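Structure first, commentary second.
Everything quoted here is computed from the prediction, not taken from an experiment. Here is the naming used below: chain letters follow the sequence lines, and residue numbers restart at 1 for every chain.
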Amino acid sequence: MAEPAKSSLKVFRFDPDRDREPHFDTFEVPQREGLTVLEALFDILETQDGSLAFRYACRGAVCGSCAMYINGAYRLACQTQVAAFSSGELTVGPMPHFPVIKDLAVDMTEFFRKYERIMPFLVAQSAPPEKERVQTPEAREAIDEMVDCILCGCCYSSCPTVWTDKEYLGPAALTKAYRFLADSRDEAAGERLSIVAGGDGIWRCHTIFNCAEACPKRINPTWSIQQLKRKSALRRLSSWLIRSST
Amino acid sequence: MILREAEVLVIGAGGAGLRAAIAADDMKAKALIISKSLMGKSGCTPMAEGGYNAAISKEPEDSVESHFEDTMASGGGLSNPDLVRILVAQAPRRLYDLEGFGALFSRGGGGLIAQRKMGAQSFARTCYAGDRTGHEIMMTLLEEVRRRDIEVLNYLLAVDLMTSGGRVCGALTYDIRHADFVLIQSKVTILAAGGGGKCWSVTTNSHQGTGDGYALAARAGALLCDLEQIQFHPTGMVYPDSVKGVLVTEAVRGEGGYLYNVTPQLQEAIDQNIRLKRGGDKPRRLDPEDFGAERFMCRYDPQRLELAKRDIVTRAIAREILEGRCSGSGGVVLSVVHLAPDLVRDRLSTTCKQFQDFASIDITLEPMEVAPTMHHVMGGAVIDEECRTSLKSLYACGEVVGGIHGGNRIGGNALAEGQVFGAIAGQMAAEEARAAGPANGDILRSGDEMARWFASKLGSGGGKSRPCHIKRGLQEVMTTRVGIVRDESGLREAADAIDNLEEEFQQVGVRDGRLPFDQDVIDYLEVRNMLPFSKLVARSALLRRESRGSHYRSDFPDSDEADFSGNIFALGEEVWPEKKWS
Ligand SMILES: Cc1cc2nc3c(=O)[nH]c(=O)nc-3n(C[C@H](O)[C@H](O)[C@H](O)COP(=O)(O)OP(=O)(O)OC[C@H]3O[C@@H](n4cnc5c(N)ncnc54)[C@H](O)[C@@H]3O)c2cc1C
Ligand code: SF4
Ligand code: SF4
Ligand code: FES
């Protein structure tokens, strides 16, 4: 019987506690119809090298655990088919610009710390009504795209401003901020706007669209950031108008 | 080993665990949540698509009584009516809580929360956020937990509950990230570790669903029930292989999708479309109706058709497949081709993307190949109305609990269950914690012993067999012998095979064990739970010599109403039938 065709995966290896330098290991994995990168990594784990570290959970592109840098692009390993690369050769690395815990697993502490800074929760001063707060289907749809975010970190990792500016909130947190600002039920617009318009926020974004390209959920953070810029500018203008009229 | 203290320790950061922590926080108790992976990312809650059941519809006027009756009827005589009553009565309130925390549910007329009808329901009762309801609920709870600044420890895998004098007083956990043990001493503990789908090879569950909660409870000496009741969801993906088992939400049928078997003409048309797409062309519109395919549910449940109870649809599909009326990949087809493409794209956007991304199928034009997949463990820890388990100071909520869904869980009832019983568990645990003195019980010694025992396993994994091999072996056994259709000899074989795997497992060690994210260690600790859980499932299934709910025995195809002996309980290794509430 003929050997099944194989794909070759060049996988980033690094254990900061033991290795001085990262390196790549190459593994041959038998091809199967629809084989995803995540499955291929499990295959390596079970048949070749049990010490390979990576994160995973849902294998259905909804949890955002398995974001990686595959052949030069940000992708979810569970959503990426090995066969998508006709060369049969893949280079799999961790998301760049995140500290590596080991191999493909990265430390997302900073990412979540910045996310927490934009107050990622609904603020409603008024006591909750007996039932739901009324919201039109249109108002709900206006933020449909942002709600889809799985906090995978791809956009953040791809953003040149994040690379150079340690405190820049980054596209994911700002998209979240817009999700709440645009929520017809939220009552913290002022506070949130001052956070995102502060020194570490929207005005640092150079509208380079890397983030939109990186997002595996086809969300466009740049658009949200532009909306935030517009809202913030309007607010400044109106507060200036009010001041100058009194 | 590191030592920690907690007032209320919550094991599991899914919908139930987070809701419990929030309720404990409401009562001013200090909760500590631990999660096997990054909080909110593991577990089944973020994966749920279909929705959350609450009898809030005004037009037509729904009622909690009707929700109660539907749930009880579906449970096949095994549901505990007291718990079901709580579920249906409190589901609306907990839904409004979520909405108050910020969850965005889809809206209908008048800006109110929209609802759709799922299987075995008398009303359109399922509230949803498109087809990513679980994701929305999870995000909302995470946000609320952050707003309240409740402490969460990520990557902590609970190894065992610690008991002292018959009381649970904490848990030994393993820190996957730092490769170290953390011993947590608590006044009260809430078990919310979710389900066990990963004991089968084809499942909708996330990788973390390895039945840890059931095994932890059983080893500590808690009473469990109904473990033979395993729900196989009728529709999982079958193609390609690497996504086999991934859920195709019931919402597809809820929105009007039809199930067909596969005729040679239909197969030919499917193949032709594959060829077209390979050549870079657009696929042809392919309605199974045009190819002589039969809407086979007419034969199994002519009234409810595709929206019959899950166990019925599952067995119908299994039968069509078994009798060869299936596709080359071993599935029947689910089609929404007859529905308006805009509606499909709007209401089923996740399903659209799922098939586009994984199978290159445009579901507005082509049918989806589907087959049953392990989905839900209906059984679990026995609780009372206040979420107390049979062990002192141990509460449980969410999928790890048994006795609510009985023999068959209705779609949409599990998300509601997590919120309703999560809130109760959190409140009750907090009350107990407040009344209790400082955490006591000498668990240091047993924790130390455990850690030492484990250390003896480290670096000893030179042998041929690795924990992951035992895992695969077990999944194979459970899928072939303890699946949708069971019989005496198969179940006996399964029980023996699990015994053998247990023996083999004794010889297995861990290769290194000092690395972060060491899969060998994770597998080892998970297999240590999967084996005893699976064994209880097989043994409970052997004991139920009739068909009931999701438990179908080809050697006893009918329910034995005359000689009904109640629920099957499990304590330690013992299993027995008893009428406690049934
Ligand atoms: C694909 C899919 C779709 C579904 N759709 C629906 C639906 O539409 N409607 C519905 O009502 N139900 C649905 N369900 C069922 C429902 O999602 C689950 O039953 C429910 O979410 C379980 O919630 P939980 O909080 O109990 O557990 P989970 O959400 O599974 O969370 C378990 C938590 O426990 C942690 N954990 C596990 N073991 C350990 C350990 N040893 N130590 C520490 N932590 C541990 C995990 O990390 C995780 O955080 C669906 C299930 C799946 C898989
Ligand atoms: S558009 Fe803004 S946020 Fe996005 S990558 Fe560019 S600088 Fe970063
Ligand atoms: S916006 Fe997209 S890329 Fe960024 S975190 Fe969310 S899902 Fe990931
Ligand atoms: S494993 Fe969840 S997104 Fe890939």
Side-chain angles (χ1 to χ4, degrees), chain A residues 15 17 32-36 38-39 42 45-46 50-65 78-79 81 101-103 105 108 115-116 119-124 128-137 139-141 143-144 147-151 180 183 185-186 217-218, chain B residues 37-38 40-43 46-47 56 92 95-97 99-102 104-108 110-114 129-130 132 134-136 139-140 142-144 146-147 177 206-208 239-243 246-247 350 353-354 357-359 461 466 468-469 472 511-512 515-520:
Chain A
D15 180 352
D17 288 340
R32 274 188 286 142
E33 177 96 52
L35 180 75
T36 60
L38 187 66
E39 287 279 310
F42 272 113
L45 205 57
E46 287 177 19
S51 71
L52 181 63
F54 55 94
R55 275 192 293 127
Y56 55 84
C58 71
R59 85 208 144 102
V62 292
C63 76
S65 297
C78 68
Q79 197 184 24
Q81 297 197 5
I101 299 176
K102 187 171 177 297
D103 304 335
M108 301 195 60
Y115 163 71
E116 277 159 20
M119 312 199 304
F121 37 79
L122 187 75
V123 179
E130 188 53 27
K131 299 196 167 158
E132 70 265 52
R133 294 183 180 85
V134 172
Q135 186 175 43
T136 63
R140 164 72 177 77
E141 265 154 44
I143 40 182
D144 209 39
V147 171
D148 220 1
C149 171
I150 55 175
L151 296 173
F180 283 104
D183 189 328
R185 307 163 304 169
D186 190 68
K217 300 305 273 187
R218 298 165 202 162
Chain B
S37 181
L38 264 182
K41 291 198 185 286
S42 63
M47 302 172 72
I56 56 172
L95 175 84
Y96 295 136
D97 284 354
E99 205 273 338
F101 297 154
L104 282 160
F105 291 103
S106 294
R107 299 290 156 151
L112 299 179
I113 292 174
R132 35 170 203 259
H135 169 73
E136 182 56 18
M139 290 308 282
T140 302
L142 287 172
E143 286 157 8
E144 187 62 18
R146 288 198 159 96
R147 193 168 74 79
R177 179 173 172 175
S206 81
H207 280 285
Q208 280 76 16
Y239 172 90
D241 203 44
S242 62
V243 289
V246 169
L247 180 71
T350 304
K353 281 187 205 160
Q354 175 184 342
D357 292 346
F358 291 103
R466 284 179 40 209
C468 61
H469 300 143
R472 290 276 181 219
R511 199 181 17 73
D512 186 314
L515 299 171
F517 292 92
D518 192 323
Q519 191 62 34
D520 244 16

Spacing of [X] atom [atom1] and [Y] atom [atom2] [to the nearest 0.5 Å]:
X: A:L45; Y: B:D518; atom1: CG; atom2: CG; value: 9.0 Å
X: B:E99; Y: A:R185; atom1: CD; atom2: CZ; value: 4.5 Å
X: A:E46; Y: B:H469; atom1: CD; atom2: NE2; value: 6.5 Å
X: A:C63; Y: B:Q208; atom1: SG; atom2: CD; value: 7.5 Å
X: A:S51; Y: B:Q519; atom1: OG; atom2: CD; value: 11.0 Å
X: B:I113; Y: A:R140; atom1: CD1; atom2: CZ; value: 10.5 Å

Per-residue contact mode, [X] against chain B (heavy atom under 4.5 angstrom):
X: A:D144; value: both
X: A:I143; value: side chain
X: A:R133; value: both

Using every non-hydrogen atom in the two residues, find where B:P240 and A:G34 come nearest and quote the distance to one decimal.
CB-CA, 3.5 Å
For A:L122 against B:R147, the heavy-atom pair lying closest together
O-CD, 4.4 Å
Between chain B and each of [options], count heavy-atom pairs under 4.5 Å; write down the option with the most.
options: A:G60, A:S65, A:A124; value: A:S65
options: A:V123, A:L52, A:L151, A:D186; value: A:L151
options: A:M108, A:E132, A:K102; value: A:E132
options: A:R218, A:R59, A:E116; value: A:R59
options: A:K131, A:Q79, A:E130; value: A:K131
options: A:L35, A:D15, A:D183, A:D148; value: A:D148

Which bit of [X] is near chain A, if near means a heavy-atom gap under 4.5 Å: side chain, backbone, both or neither?
X: B:F101; result: backbone
X: B:R132; result: side chain
X: B:F517; result: both
X: B:F105; result: backbone
X: B:L38; result: side chain
X: B:A114; result: neither
X: B:T140; result: neither
X: B:D357; result: both

At a heavy-atom distance under 4.5 Å, which candidate from [options] has the highest pair count against chain A?
options: B:P46, B:P516, B:S42; answer: B:P516
options: B:S206, B:S242, B:A359; answer: B:S242
options: B:M47, B:R177, B:R472; answer: B:R177

Donor-acceptor contact below 3.5 Å, side chain B:R511 vs main chain A:G50
yes
Quick check: do A:V147 and B:E136 have side-chain heavy atoms less than 4.5 Å from each other?
yes
